[in-house]
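First the structure, in the form of structure tokens, and then the observations on it.
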There are 2 protein chains.
Amino acid sequence: MATRTDAPTRREQILKEAARLFAERGFHGVGVDEIGAAVGISGPGLYRHFAGKDAMLAELLVGISGQLLTGAKRRLAEAGEVPAPEAVLDSLIEGHIDFALDDRPLITLHDRELDRLRDSDRKLVRQLQRQYVELWVEVVRALYPGLAEPTARSAVHSVFGLLNSTPHLARPGALPGRATTAGLLHRMARGAFAAAGATSAG
Amino acid sequence: MATRTDAPTRREQILKEAARLFAERGFHGVGVDEIGAAVGISGPGLYRHFAGKDAMLAELLVGISGQLLTGAKRRLAEAGEVPAPEAVLDSLIEGHIDFALDDRPLITLHDRELDRLRDSDRKLVRQLQRQYVELWVEVVRALYPGLAEPTARSAVHSVFGLLNSTPHLARPGALPGRATTAGLLHRMARGAFAAAGATSAG
DNA sequence: CCTCCAGGTTAACGACCGCTAACCTCCCTG
DNA sequence: CAGGGAGGTTAGCGGTCGTTAACCTGGAGG
């Protein structure tokens, strides 16, 4: 992860604030004037950077899905030729937790405002999401071979629900410390998968 | 659970359809005309039954929170004088899963549109939610005494995220069967709690 | 120094939305 | 059978919102 040192562009500022506002009050609940005000310009000035309000949401959601998928692919590749399923799953979980903890507004948008997109954008996002899920499913099934595919997919979605619950955990800083929270979530995710893979043939 | 046999009142029809629409497209994304159309009357006819669009959302959210809390209290009481923590936790999990599977739109609204409420209603809903969470926290800590309270609370929220993920699992009927799904979710929830309670002192 | 464009501004338009007003029509009741 | 309330209807108002139009300005380039 190459850490950015240069200042964020105006486009990036806008996207960040829009994400926060959309997550807080919903896509329809936020006006363009508010988004503009959040970055110090006013309403219609946004149209110098984006084609419209929809375009901001689209770019956010496509970006999220793409980042998640790209990161997961990278982690899978880094695992080497004959990866240990446990290590790969740990790596996937870690990546998802990082994302959920560092970009809470985005993780909130990700499964909440998808239906507000134009058809083509929505299809793209869904495709990226599906690839991401399938990637997890394969790793989970490698670790728990007894799991049928639909069951594994349900389990993956459920663990996403668990990991994505962080926005509900408290106002900004009330968590017991980032590392502690990450550790707890990680252990719980592993525990949930283990329970899914253990008893039943699915 | 006394099963209803009489026909639903118009109010109930409206609430049900409103819940579905709010869950699908967000509170601000649904117009009163659409809600009316969904029950066969048109727009302003709704105002014979509700003071306004906000009132529908308020009644839905207060109802959900109340039902969850009431059900949980009942299950706790049914457990008897010196309850086995395991059995109580299983009962709580079962109740929450029933709710998540049977009233998907409501479970979606429950953690998504809370901020659209008037102050007084929002406070009431939050209070009910908090009581529900605290009830779970006590049971979890009885079962895993090593868990510190904040950790237990985080764990409970995370398991809610897991259980509430059902709306994302698939379109209407694509699940492997209700009982199977319920069983999977139940095992995963228990596994997640076990993992939270096992390793760390939290 | 003139030009021009990137990136702002304000004004205003058209659409939509929540809600009210005014009216109608059963159906129940005394 | 008169009366009235419950539960609809349509028309329309007032406000908001996304978007466009028209205009302004500072700074870079020839």
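Labels below follow one simple rule: chain letters A, B, ... track the order of the sequence lines, proteins then strands, and each chain is numbered from 1.
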Please report the distance, rounded to the nearest Å, between [atom1] in [X] and [atom2] in [N].
X: B/Y47; N: D/dT9; atom1: OH; atom2: P; result: 14 Å
X: A/F50; N: D/dT20; atom1: CZ; atom2: P; result: 15 Å
X: A/R11; N: C/dG7; atom1: CZ; atom2: C1'; result: 14 Å
X: A/F22; N: D/dC17; atom1: CZ; atom2: P; result: 13 Å
X: A/Q13; N: C/dG8; atom1: CD; atom2: P; result: 9 Å
X: B/R116; N: C/dG18; atom1: CZ; atom2: C1'; result: 17 Å
X: A/I35; N: D/dT19; atom1: CD1; atom2: C1'; result: 13 Å
X: A/I41; N: C/dG7; atom1: CD1; atom2: C1'; result: 8 Å

Is the closest side-chain heavy-atom distance between A/E149 and A/E134 below 4.5 Å?
->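 A/E149 vs A/E134: side chains touch.
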Gap separating the CG atom of A/D115 from the CZ atom of A/F27, nearest 0.5 angstrom | 12.0 Å
Candidates [options] - which lies nearest the side chain of [X]:
X: B/S42; options: D/dT9, D/dG7, C/dT10; answer: D/dT9
X: A/V32; options: D/dG8, D/dG18, C/dA21; answer: D/dG18
X: B/K53; options: D/dT10, D/dG18, C/dG18; answer: C/dG18
X: B/H49; options: D/dT19, D/dG7, C/dG8; answer: D/dG7

NA contact type, [X], heavy-atom cut-off 4.0 Å: base, sugar-phosphate, or nothing?
X: A/V39; value: nothing
X: B/G31; value: sugar-phosphate
X: B/G43; value: nothing

D/dA6 OP1/OP2 closer than 4.0 Å to side-chain N/O of B/R10 | no
OP1 or OP2 of D/dT16 less than 4.0 angstrom from a side-chain nitrogen or oxygen of B/H28, does that happen here?
-> no
Between B/T9 and B/R11, do the side chains contain an N or O donor and an N or O acceptor separated by less than 3.5 Å?
-> no
Pairwise 5' ranking along DNA chain C for B/D54 and B/R48, keeping only the more 5' one |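 Closest to the 5' end, via its nearest nucleotide, is B/D54.
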Decide side chain to side chain contact (heavy atoms under 4.5 Å, CB included) for A/H110 and A/L68; before the verdict, give the C-alpha distance in whole Å, the side-chain angles of both, and the deciding distance to 0.1 Å.
-> CA-CA 11 Å; A/H110 181 251; A/L68 278 175; 4.1 Å; yes
Give the C-alpha distance, both sets of side-chain angles, the deciding distance and a yes or no for side chain to side chain contact (heavy atoms under 4.5 Å, CB included) between A/F22 and A/T108.
-> CA-CA 9 Å; A/F22 289 160; A/T108 301; over 6 Å; no
